[in-house]
Amino acid sequence: MEKGVVISGFGGQGVMLAGELLAEAGKEEGKYVTFLPSYGPEMRGGTANCHVIVSDTTIASPIIGYPKAAIVLNLPSLDKYEPLMKKDGIIIINKTLVPREVKRDDVRVLQIDAQHVAEDLGNKKVVNMILLGAYVEIEKPVKIETLKNALKSYLTGRKAELIEVNERALEKGAEIARDFMGVK
Amino acid sequence: MEKGVVISGFGGQGVMLAGELLAEAGKEEGKYVTFLPSYGPEMRGGTANCHVIVSDTTIASPIIGYPKAAIVLNLPSLDKYEPLMKKDGIIIINKTLVPREVKRDDVRVLQIDAQHVAEDLGNKKVVNMILLGAYVEIEKPVKIETLKNALKSYLTGRKAELIEVNERALEKGAEIARDFMGVK
Amino acid sequence: MGEKLLMKGSEAIAEAAIRAGAMAFFGYPITPQNETPEYFSRRMPELGRVFLQAESEVAAINMVYGAACTGTRAITTSSSPGISLMQEGFSYIANTNVPCVVVNAMRGGPGLGDIAPAQADYFQATKGGGHGDYHSIVIAPHTVQEEADLMFDAFELADKYRIMVVVLVDGLLGQMMEPVEFKDWVDVKKFKTPEWATVGQGDRAQRNILISFDILAEGLEKMNLVLQNKYAKIRENEVRFEEYKMDDADYAITAFGTVARIAKTTIELARNEGIKIGLIRPITLYPFPEKVIENRASNVKFFFDTEMNEGQMLEDVKLAVNGKKPVYFHGRLGGIVPTAEEILDEFKKHLGG
Amino acid sequence: MGEKLLMKGSEAIAEAAIRAGAMAFFGYPITPQNETPEYFSRRMPELGRVFLQAESEVAAINMVYGAACTGTRAITTSSSPGISLMQEGFSYIANTNVPCVVVNAMRGGPGLGDIAPAQADYFQATKGGGHGDYHSIVIAPHTVQEEADLMFDAFELADKYRIMVVVLVDGLLGQMMEPVEFKDWVDVKKFKTPEWATVGQGDRAQRNILISFDILAEGLEKMNLVLQNKYAKIRENEVRFEEYKMDDADYAITAFGTVARIAKTTIELARNEGIKIGLIRPITLYPFPEKVIENRASNVKFFFDTEMNEGQMLEDVKLAVNGKKPVYFHGRLGGIVPTAEEILDEFKKHLGG
Amino acid sequence: MDLKVIVNEERCKSCGLCVNICPKHVLRISDKINSKGYYPVELFDNENCISCGFCYLVCPDMAIAEVKKPEFVK
Amino acid sequence: MDLKVIVNEERCKSCGLCVNICPKHVLRISDKINSKGYYPVELFDNENCISCGFCYLVCPDMAIAEVKKPEFVK
Amino acid sequence: MKTIYKVPSAITSRDTTYCPGCTHGVAHRIVAELLDETGLTKKTVIVWPVGCSVFGYYFIGTDALIAAHGRACAMATGIKRVHPESFVMTYQGDGDLASIGIAETVHAAARGENITTVFINNGNYGMTGGQMSPTTLIGQVTTTSPYGRKPELNGFPLHVPEMLATMDGPAYIARGALDNPQHINQAKKFIQKAFTAQQKRLGYSLVELVSTCPTNWKMTPVESIERVKREVLPIFPLGEFRAVKGVE
Amino acid sequence: MKTIYKVPSAITSRDTTYCPGCTHGVAHRIVAELLDETGLTKKTVIVWPVGCSVFGYYFIGTDALIAAHGRACAMATGIKRVHPESFVMTYQGDGDLASIGIAETVHAAARGENITTVFINNGNYGMTGGQMSPTTLIGQVTTTSPYGRKPELNGFPLHVPEMLATMDGPAYIARGALDNPQHINQAKKFIQKAFTAQQKRLGYSLVELVSTCPTNWKMTPVESIERVKREVLPIFPLGEFRAVKGVE
Ligand SMILES: Cc1ncc(C[n+]2csc(CCOP(=O)(O)OP(=O)(O)O)c2C)c(N)n1
Ligand SMILES: Cc1ncc(C[n+]2csc(CCOP(=O)(O)OP(=O)(O)O)c2C)c(N)n1
Ligand code: SF4
Ligand code: SF4
Ligand code: SF4
Ligand code: SF4
Ligand code: SF4
Ligand code: SF4
Ligand SMILES: [Mg+2]
Ligand SMILES: [Mg+2]
């Protein structure tokens, strides 16, 4: 099974880290993975996105033309990816920064007030992990545990103290996703 | 009729001037002409040659692969062109600097002790004109008179005083050629 | 081989080059491949090898040329405009018969263009953007793993033929991360200064002179024939390509690098619809795999070439097909990467015919 | 037209360029074409025009680029290694859509090579030695008169399409003298600064910006499409060639420049022996006269391409013939000029077939 | 209110250079947010501004649109 | 005859730089001709040569092969 | 109230693309002020470089081009020679001018080309992500000098004005800085003199401006300004290095 | 009799291809003498230029290469970095070094590259037939300055040592001449110091040698020598411009 996701938001929202982590976890589980970043034209700031594919077999194109899953951290990203989504695909949205509803009715939508959830967890910067946790719980490209392990190899040195809150964010996201799926 | 000649000798022997003059004269007579110089690899000195073609019709290649006529001012030039000459072609040789006979018996040969003839004319440097005069008299690509006119446009300013001796050299060459043809 | 690492292509290239025995890097920064020199700048000093940022690409290639004349494994990496500045150097290196490796992470052109992925330097790389009759071996990987693997081959081929090897990639293959497993380190302690190298005569009986000229045309023609013989050998022995699902294919896509990869997805999509397409992917762009294309011309109904340019490899495909079957084309320009779906749509336009 | 002058090709080029309205020359000396800049250095100041010896070919082409952006007729001339150094500049000029003229008096390569005549920069000139999908119009005269005539066309075409025009010659065509008659002087007083030129905004409503980039791939693709449309128009309208004795020909020689000229003698020699050969001589190498070759493929038994290189135009000939007839080749390398007799001998080897 | 320093809030990038240089400490980063996500600077104490223009001089983003000085009536 | 200055006649190009520099005026262009067509220099007055080596120093063609000085017996 | 400072009209309405606190913008503004003051705007052609200021033509409203990386002086020469009445400026970074473009700079100076160069020295390659440049300080860590610039490997910072001042061609050569109001005013004065040099056809003029790159220096804008004073200016002293008669 | 001068053994048996009286040959001989004296011949790689001395490897018997025109310092850098134990020299003309190759020269100097450059300044492009070069004198007629070099068109002669001496990278910079025995001896001393700089790894070393080009100057060899003294040396003064501690 090939599972691809597009993660998209402002530069600085941790889009790349989330994507890399997912790819790293996939690799750790012995799967085929690709991680393709793409930056907007602006030097700094601007919108950034990445395409991550985790698969049991070789991956041809690393580009996801029409996503089955998208993690959307800001409004421009929703505007961009909503029309491209495959039918029945899932969009996971950072509700705090996306002040509109999804117009399509043939896709699944999970809105998370991630900015506030993150504040509750004690670190504004873990929005990306909350959304990633939710995605992984729903689509199961990798195990949450593997993600957590992967975190350790990314957050080293002075950043090691952030491991714990990031782990909790992943779990929180997963929990929200379970609720969501239960509701559905 | 297309008439081509190769003129070859040391740099400084006036090979290029003789060739250019012939081409200029051809042009003056309204003919098609090409003049193609080629220098040896050495920066200075070394052997130089040029190919001149005068014709009533357009000239295709300016290169003379197998000459019907050659003016040869030094030994290396004879060594180079003797084997390439067309049957019945004419080689006009500066005998003073070419201390050997022509080996082929299917070509015509005119040897002129040009260095000494030049000295007699009062200018060592007109060897090229003597040989050119002879060639023109034999093959008649242009009129001697036209050559003389052309001289005037080449020898200008301080060099104008050399016109006269060069004219005489052309005539002397022509005279030698007439004798040669008479003898034949 | 060791553990799998998740790495960017542009860094995998550097790491692979280092493991393959690159002893010196000379280069000048340019997007989209700055990670490559930056990686070298960290690793080479650690290993006691040479990293030098040159004042320009012109200087960089001439430093590579100097190092190559000592028989040392040397490399430079750049992107399109920088590569254009190296053309004189390439031509000198070719006629001096010295080995080196050059990576071009192609970006959108012409001119300043943009920094998006492109393939519009195919002609420049394969036909010789510099002056004179020369060629480099040109290799085009399409995955990060292949980028890593082919760096080893690049250095081997360079040394084997005393030739420049160009690794032609693009920003997508440079920015993308994939798990990669590196081949074993080449033992650089075994490297010997070759007999022909110019490092000072030392104990050699003869001094060495490495030049790219002969003032006599006769001599220069001989030098050219040496080159042409070498190229003939390379065409004979070093052609590499991948055939993908060609066995039962009714149609052949031809594509290299990034686009070849995307085309594999196109082929999946098509086969799901019952259209049997295969892919012929040249891995060496020079020497070009003309035989396989020529042979396949009897099996397929047509060829469909697709590239991120206006149709460059297309000419080599056509030369190989030589009129036996139609060759169609789809290309995107200026850094636009086509999608698998788009390629399929374009392909289908020719099915009627 | 005026009187006939006996002139060297390299000087006729300069004189013709001046009469055609070249207002600025920027260049760097290199054999075998030093007479061209030297001629400019004498004449341009006399006429109040610009002659500037640049510090290098890289600088020279960028000076031309600057002058071209003001819509001024500007020219540079060089030979193979110098032209290689200009490749980045060429690519910028192409994508900025500004007009200029470049003369390449090709010499033996690769590398330092020699100073003898050669034709081994055909690929570089026609396929784009710089990066990206671009083309220049490439013209190849074969007599001094044609060199003089085509300089006028070169400037006209450059202005008409806002494109770089390359005049591709060699040392033989430069050193050779022939009578030449120049076309009438272009009245440079009538030249106007074009609307698009960057000379300061002045009274214009909008300021002008001339650049070769767009940071967005979508925008750059559009810029590329502008180029491709222009090239399509040029391929439509500007193809030039000479057919020589093709009407009754059983065989066609294809050749350009110096070799085409020699081939005419070959054809005389052959016809004396009763072999009916004709010549198709591309005058524009880009756009290439593919139609005429394609059409003649039905008449002739085979094509025989001959060049002073390893077979470069040969590829374009083959693409045009597209497998309909055999295409044979004879080439000399490194600055050797073939003789008419030699070409005939080589040609005859294929008569058996 | 006639401010001595006119800030073009959309242009300000909150770099703080003007705040840092102001000899009278009358500038600060505001808590408004502009469309690019920056918190523009504001003159919070017009009174004490001496119209020295330092803020204008160091601003790299032309966000200090104008600096004015009161004219004294003779 | 043991000359103080050994001229390699084949290498000499008759440039005259040595003749010009020689403080003792003991060199001159000879009327021999070498295989390249040059008239090589000759030391015509060995006696008066002071072995200063100036000729060697200025010769651009290594045609002054050697300069020797008589040794005085103590 | 009297307006004493106002954004010059040669500045367009487009917001800069520079990072917050990057002093490229200050250089733009003083150039634009001088264009306003001299009335040169509509006679001016600016040759922009490849570097962070590649978008400069967005912000200063004159006729404009972008040169190939490093070739601005050559391109400007081409323009000025055929249009001597145009006012021709290049705006270049330290990578562009001092590394890849040093030949074109030295020779424009040697020829006494009547063009003006504004040279932004921020000690690294901003646009490409902070690599070492010829003006990077000894010990400075950049993405290609990860262990700090070492003299034995990378040599020493290049002092372009000092070098060019040894020549006869340039009419005016100076170095200013953009770190505080006094220096900014001085820098403007320097550029004004450079403009004069060109207008009077006295030869080449160049003003180096010590600038900041907060992003790649990995500092806040204010820290960057402080670094300039503390570390950069001691190595790159300010002042005029050459001014021929007539420049004022 | 005692031999006091003898053609050095680093000189090959091949006759030079230079024009009669061209002082390129003198430069070759003193380099060869120093190779003999220092015993460096078999450790040496000479990077020859494109220019009249393109055939230099015929005459000095060391490992040799020919760089692309102007790129000798870059090529030499490539060699020296990977083979620091080799003795690496470039030999370049004024067109090669000061015009097309000025960037490579300036940066080799700035980096303090441990290589040695012998720089033959004959005031024109000898090999290509006498075009103007950066060191052509004001007023000098060449094939591309047919009305004499004019400062307002072509700027001023470039003084490479003076320029490089403003930098911290070079260990030794000097200018000598080849017009008379005293100058030739001095020039040899300069080159010897340059060799020392490299052997001690002190940084870049360059010796400019004012040379002649009788052919393109259209003078006899003796007249050329006299012109050097009369016209060239007043503009190109001899001496040492930079010598760091340890160079002797
Ligand atoms: C030929 C070429 N080489 C390299 C580059 C990549 N490049 C773009 S900008 C730049 C350096 C910019 O640094 P600088 O000139 O200091 O300007 P800054 O961004 O610091 O203002 C480089 C190397 C290029 N565009 N073209
Ligand atoms: C790229 C390139 N441009 C130009 C040339 C032509 N060229 C050969 S030598 C030379 C100049 C030689 O002058 P200089 O360096 O002063 O040496 P000299 O002959 O005077 O000793 C030139 C321009 C070349 N070979 N390559
Ligand atoms: S004008 Fe001076 S006092 Fe007023 S806000 Fe600006 S810096 Fe502060
Ligand atoms: S200096 Fe300008 S951009 Fe920076 S905070 Fe002040 S007003 Fe805003
Ligand atoms: S050694 Fe001195 S004196 Fe003797 S010939 Fe030579 S220059 Fe004259
Ligand atoms: S200096 Fe040398 S080459 Fe010249 S004349 Fe004297 S010996 Fe002969
Ligand atoms: S990268 Fe540096 S130079 Fe470029 S805009 Fe940002 S701060 Fe300024
Ligand atoms: S052309 Fe000049 S530099 Fe060259 S060998 Fe002759 S005299 Fe010497
Ligand atoms: Mg910078
Ligand atoms: Mg010179």
Side-chain angles (χ1 to χ4, degrees), chain D residues 22-26 28 44 48-74 76 86-93 95-96 98 100 130-131 191 193 196-204 206-215, chain G residues 10 12 14 17 35 39-50 54-90 100-111 113 115 127 169:
Chain D
M23 301 304 288
F25 172 94
F26 304 93
Y28 188 78
M44 296 297 259
R49 303 188 192 175
V50 175
F51 169 84
L52 183 61
Q53 183 173 311
E55 59 270 32
S56 70
E57 290 87 354
V58 172
I61 192 62
N62 284 290
M63 289 174 183
V64 166
Y65 184 19
C69 286
T70 71
T72 304
R73 290 196 166 183
T76 188
M86 296 184 184
Q87 296 303 324
E88 190 201 22
F90 289 177
S91 178
Y92 270 73
I93 287 171
N95 204 18
T96 311
V98 287
C100 68
H131 58 286
F191 285 169
T193 301
W196 49 262
T198 48
V199 295
Q201 184 176 342
D203 300 331
R204 248 184 283 119
Q206 295 290 325
R207 62 194 178 107
N208 287 332
I209 295 160
L210 289 175
I211 57 180
S212 69
F213 105 125
D214 193 317
I215 192 70
Chain G
T12 70
R14 194 144 176 181
T17 42
L35 290 175
L40 283 170
T41 310
K42 299 229 162 169
K43 291 182 69 178
T44 297
V45 186
I46 304 184
V47 181
W48 294 97
V50 187
V54 70
F55 298 102
Y57 62 93
Y58 285 168
F59 319 125
I60 301 186
T62 67
D63 273 12
L65 322 104
I66 301 176
H69 188 36
R71 317 305 172 193
C73 281
M75 199 175 195
T77 296
I79 300 165
K80 187 74 182 183
R81 289 275 170 149
V82 297
H83 275 271
E85 75 293 352
S86 296
F87 186 79
V88 183
M89 244 188 76
T90 73
I100 192 170
I102 192 69
E104 287 72 16
T105 308
V106 164
H107 280 284
R111 281 194 307 269
E113 211 61 62
I115 56 173
M127 171 164 245

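Between chain D and the residues G:Gly101, G:Gly78, G:Ser86, G:Ala103, the largest count of heavy-atom pairs under 4.5 Å involves G:Gly78. Counting heavy-atom pairs under 4.5 Å between each of D:Val50, D:Val199, D:Ile209 and chain G puts D:Val199 at the top. Chain D forms the most heavy-atom pairs under 4.5 Å with one residue out of G:Leu40, G:Thr77, G:Ile46, G:Val47, and that residue is G:Thr77.
Residue D:Leu52 touches chain G through its side chain alone, counting heavy-atom pairs closer than 4.5 Å. In this structure, chain D has a heavy atom under 4.5 Å from the backbone of G:Ala67, while its side chain stays farther away. For D:Thr72, the part lying near chain G is the side chain, with the backbone staying farther off; criterion is any non-hydrogen pair under 4.5 Å. Contacts of D:Thr96 with chain G are absent, with no heavy-atom separation under 4.5 Å from either backbone or side chain. Heavy atoms of D:Val64 lying under 4.5 Å from chain G are absent altogether. Looking at D:Ala197, only its backbone comes within 4.5 Å of chain G, counting heavy atoms on both sides.
Taking CZ of G:Phe55 as the reference point, atom CZ of G:Arg14 lies at 8.5 Å (rounded to 0.5 Å). We find the CH2-CE distance between G:Trp48 and G:Met75 to be 14.0 Å, quoted to the nearest 0.5 Å. Rounded to the nearest 0.5 angstrom, G:His107 NE2 and D:Ser56 OG are separated by 8.0 Å. One finds the OG1 atom of G:Thr44 at 12.0 Å from the CZ atom of D:Arg207 (value rounded to the nearest 0.5 Å).
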> G:Glu113 and G:Arg81: side-chain contact (heavy atoms from CB on, under 4.5 Å), yes or no, with the steps?
Replying inline: CA-CA 9 Å; G:Glu113 211 61 62; G:Arg81 289 275 170 149; 2.7 Å; yes
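For D:Tyr65 and D:Phe26, the ring centers are positioned 6.0 Å apart or more.
For G:Glu85, the CD atom is densely surrounded, since the number of other residues' heavy atoms within 6.0 Å is greater than 12.
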